[in-house]
Engineer: 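One structure coming up, written as structure tokens, with questions to follow.
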2 protein chains.
Amino acid sequence: MKKTSLNDIAQQLGVSKTLVSLVLNGKGNEYRISEDIQKKVKELARKLNYKPNQIAKGLRTGKTNTIGLIIADIANPFFGKLGREIEREAASHGYRVMFCSSDEKAENAKLQIEMLQQGQVDGFIISPPNGSEEQIKQLKNSKTPFVLIDRYFPEIESNCVVVDNLKASCEGTEHLIKNGRKRIACITTNPGMLNMDNRLDGYKKALTDAALEVDENLIKILPFSHEIKDVMEAIKELTSLDENKIDAILFTTSKVGVMGIQCLHLLDLKIPEDVAVVSFDDLDAYKISRPSITAIAQPLEEIGKHSVKILLEAMTDKSKKKELHKIVLETKFVIRNSSIK
Amino acid sequence: MKKTSLNDIAQQLGVSKTLVSLVLNGKGNEYRISEDIQKKVKELARKLNYKPNQIAKGLRTGKTNTIGLIIADIANPFFGKLGREIEREAASHGYRVMFCSSDEKAENAKLQIEMLQQGQVDGFIISPPNGSEEQIKQLKNSKTPFVLIDRYFPEIESNCVVVDNLKASCEGTEHLIKNGRKRIACITTNPGMLNMDNRLDGYKKALTDAALEVDENLIKILPFSHEIKDVMEAIKELTSLDENKIDAILFTTSKVGVMGIQCLHLLDLKIPEDVAVVSFDDLDAYKISRPSITAIAQPLEEIGKHSVKILLEAMTDKSKKKELHKIVLETKFVIRNSSIK
DNA sequence: TTTCTTTGTTAAACCGATTTAGCAAAAATC
DNA sequence: GATTTTTGCTAAATCGGTTTAACAAAGAAA
């Protein structure tokens with residue numbers, strides 16, 4: 001039982017496939033096709049359950065109605081939820097989403113982008129890994145519409161949707177200070193990535209603003225790809241400082257945060273008594289954890305909606321003067337038990 | 001800067017595009033194209049950064065090298081991790097994955113399958129929602145290769161990869177019994193869905209095997225789509241039973257589990273002192289939760305690998321006698337603090 | 001009656017690849 | 001020298017749609 005094509009309908013009715021195509025694309029009246037024939041075409045199409053082949057359509061029109069989404073890892077709940085929002089918003093505009101996990105490796109992202117660029121997608125939403133500047137430039141040169149999310153490269157003018165990482169981080173750190181913490185550590189990752197650097201800067205700014213010393217010994221920067229043992233090592237170093245033990249940790253990603261909290265439990269350090277905790281990204285895990293974890297929640301729905309809308313605009317706007325959008329959204333600070341006395 | 005096509009290369013070298021296509025597809029020797037010309041073609045292709053248009057290729061060959069994945073919700077960590085495994089395995093065989101979240105609604109799945117079936121994917125991996133039997137039958141009739149995961153329909157012969165839900169659930173319940181629990185409740189969802197029904201049966205079997213009464217009052221079945229308030233209501237009912245208060249709960253999905261644990265915390269019920277907890281699916285959340293949560297872990301990597309491999313076989317095997325595979329995998333029971341004294 | 005419009009429809013090009021069938025020239029065989 | 005085989009390459013069909021240009025028939029205007 002092979003699928004019905006335009007030609008099948010045309011032949012059965014003894015008309016041209018042009019006519020069938022016009023009618024089924026709603027251009028029947030515009031092209032003055034008689035009502036009678038229009039009705040016949042539509043009826044037969046329904047009867048044969050005709051669905052246009054999207055590949056053929058895509059080849060001719062150059063449109064696929066598909067968005068390529070390049071993120072670090074769809075298994076990471078942060079990206080999973082973000083991906084869902086993007087999928088939802090895209091679907092509401094008739095677009096599908098091709099998900100690709102880059103594992104934060106520029107090489108992977110390069111291959112994925114190149115692959116999808118061969119006529120498979122109309123545009124991209126990308127969370128660009130460290131070192132993928134060249135790839136993004138190439139994308140820009142090739143006039144492929146795209147939107148960067150979560151981070152961007154200041155030296156490359158492009159659409160992007162991010163959050164105010166510096167402010168968010170600063171707010172989280174201030175909260176710890178206000179709650180009497182004096183030796184606040186920061187465990188972060190992905191150095192050189194703008195969003196992470198901003199989060200570290202926000203931490204430092206809060207300390208400086210409160211006239212507290214920024215002690216480089218309290219800052220642990222993990223490699224791009226880190227395992228729980230890396231986090232454990234960092235925490236052990238932080239807690240084995242002879243004088244002035246740490247009394248709080250700011251985790252700049254939920255991945256580090258989850259691992260860090262596991263480590264604190266393993267080391268039998270009480271949260272928040274021994275160490276207060278604040279983490280970026282709000283997970284279900286943080287809500288059910290005992291104590292519940294204070295989190296810096298990113299507005300995932302907004303990020304998803306904005307990025308899709310901007311991309312759609314870039315994809316459909318024929319006028320050459322494509323305006324670039326740089327959207328900076330606010331995070332929401334959710335105070336729970338891990339950070340208060 | 002538009003993309004280079006086969007024709008561009010052919011014209012610049014003054015040869016036919018047939019020749020270029022043959023050379024670039026490694027059939028140069030087979031078709032006795034001279035070494036000299038082969039070299040020139042390959043060089044120019046590299047120089048012009050030629051990448052074949054996958055849409056055109058797909059139209060001609062009828063192959064897209066894309067798999068359609070229909071799951072409940074990519075934001076659900078269980079499906080996120082599973083999706084990642086499928087993406088990984090597919091990529092290792094040169095396939096891409098189109099993710100679709102059905103929200104467990106048959107209508108959504110129907111639209112998504114119909115949409116992708118129009119030449120966009122070569123096959124499907126599907127976690128079929130309740131009520132999507134007709135759609136799966138249609139898929140089967142249309143000879144589209146597919147593999148069902150997580151659940152399947154016994155009345156429809158098809159490839160599938162699932163876990164031994166009955167055994168897993170039985171094991172979890174037995175563990176609670178062994179640890180002295182006598183009034184064990186079960187909160188489940190999606191009635192009529194085979195995997196869920198099996199989990200409930202496993203729970204009942206363990207009770208019966210231990211000569212404990214199966215009290216229907218202790219079984220709460222939530223509607224397909226449930227919110228935390230539904231879970232709260234169920235738990236309130238369970239804990240307000242006058243005589244013989246419950247002393248344990250088995251959650252049959254992590255979504256229900258996470259919500260349930262939140263509720264127990266809100267109600268100030270101590271885990272495991274007041275209520276012991278065992279949940280299906282192993283989340284990061286369960287590892288960092290205090291107490292850590294005993295979980296029935298599904299072998300996500302195995303499920304991903306098997307489903308992709310079976311699908312690949314179904315997609316490439318030209319011999320009509322497609323053997324159907326029904327794979328039943330074992331779960332892993334991870335004992336943590338939520339279920340022991 | 002002749003010419004111009006309008007109406008209703010279609011042939012053919014096109015998108016960019018793959019694949020089949022075949023052709024001219026050179027080499028081998030008789 | 002004539003015939004067959006091999007070598008090296010290409011024209012054209014094809015996938016299933018969309019889109020452009022055009023054409024015959026009928027009606028309106030001159």
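To find a chain, count down the sequence lines: A is the first, B the second, and so on, and within it residues start at 1.
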Engineer: Between B:Ile55 and B:Thr18, name the one whose nearest nucleotide on DNA chain C is closer to the 5' end.
Structural biologist: B:Ile55
Engineer: Between B:Ser5 and C:dC15, does any side-chain N or O lie under 4.0 Å from OP1 or OP2?
Structural biologist: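 No.
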Engineer: Return the 5'-most residue of the pair A:Val15, A:Arg32 with respect to DNA chain C, ranking by each residue's nearest nucleotide.
Structural biologist: A:Arg32
Engineer: Does OP1 or OP2 of C:dT9 have a side-chain N or O of A:Ser34 closer than 4.0 Å?
Structural biologist: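 Answer yes for this pair, as a side-chain N or O of A:Ser34 is under 4.0 Å from OP1 or OP2.
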Engineer: Any ion pair linking B:Asp8 and B:Lys17 (charged N to carboxylate O, less than 4.0 Å)?
Structural biologist: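 No salt bridge links B:Lys17 with B:Asp8.
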Engineer: Do the charged groups of A:Lys110 and A:Glu114 touch, with an N to O distance under 4.0 Å?
Structural biologist: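 So A:Lys110 pairs with A:Glu114 through a salt bridge.
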Engineer: Quick one: the side chain of A:Lys17 and the base of D:dG17, do they pair up donor-acceptor inside 3.5 Å?
Structural biologist: yes
Engineer: At under 4.0 Å, does any side-chain N or O of B:Lys3 touch on OP1 or OP2 of C:dG16?
Structural biologist: no
Engineer: Between A:Glu85 and A:Lys305 (salt bridge meaning N to carboxylate O under 4.0 Å), is one present in this structure?
Structural biologist: no
Engineer: For C:dA17, does OP1 or OP2 lie under 4.0 Å from any side-chain N or O of B:Asn7?
Structural biologist: no
Engineer: Between B:Ser16 and D:dA11, is there a contact of a side-chain N or O with OP1 or OP2 at under 4.0 Å?
Structural biologist: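 Looking at the OP1 and OP2 atoms of D:dA11, neither is under 4.0 Å from any side-chain N or O of B:Ser16.
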Engineer: Hey, which sits more toward the 5' end of DNA chain D by its nearest nucleotide, A:Tyr31 or A:Ala56?
Structural biologist: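 Mapping each residue to its closest nucleotide by heavy atoms, the 5'-most match is A:Ala56.
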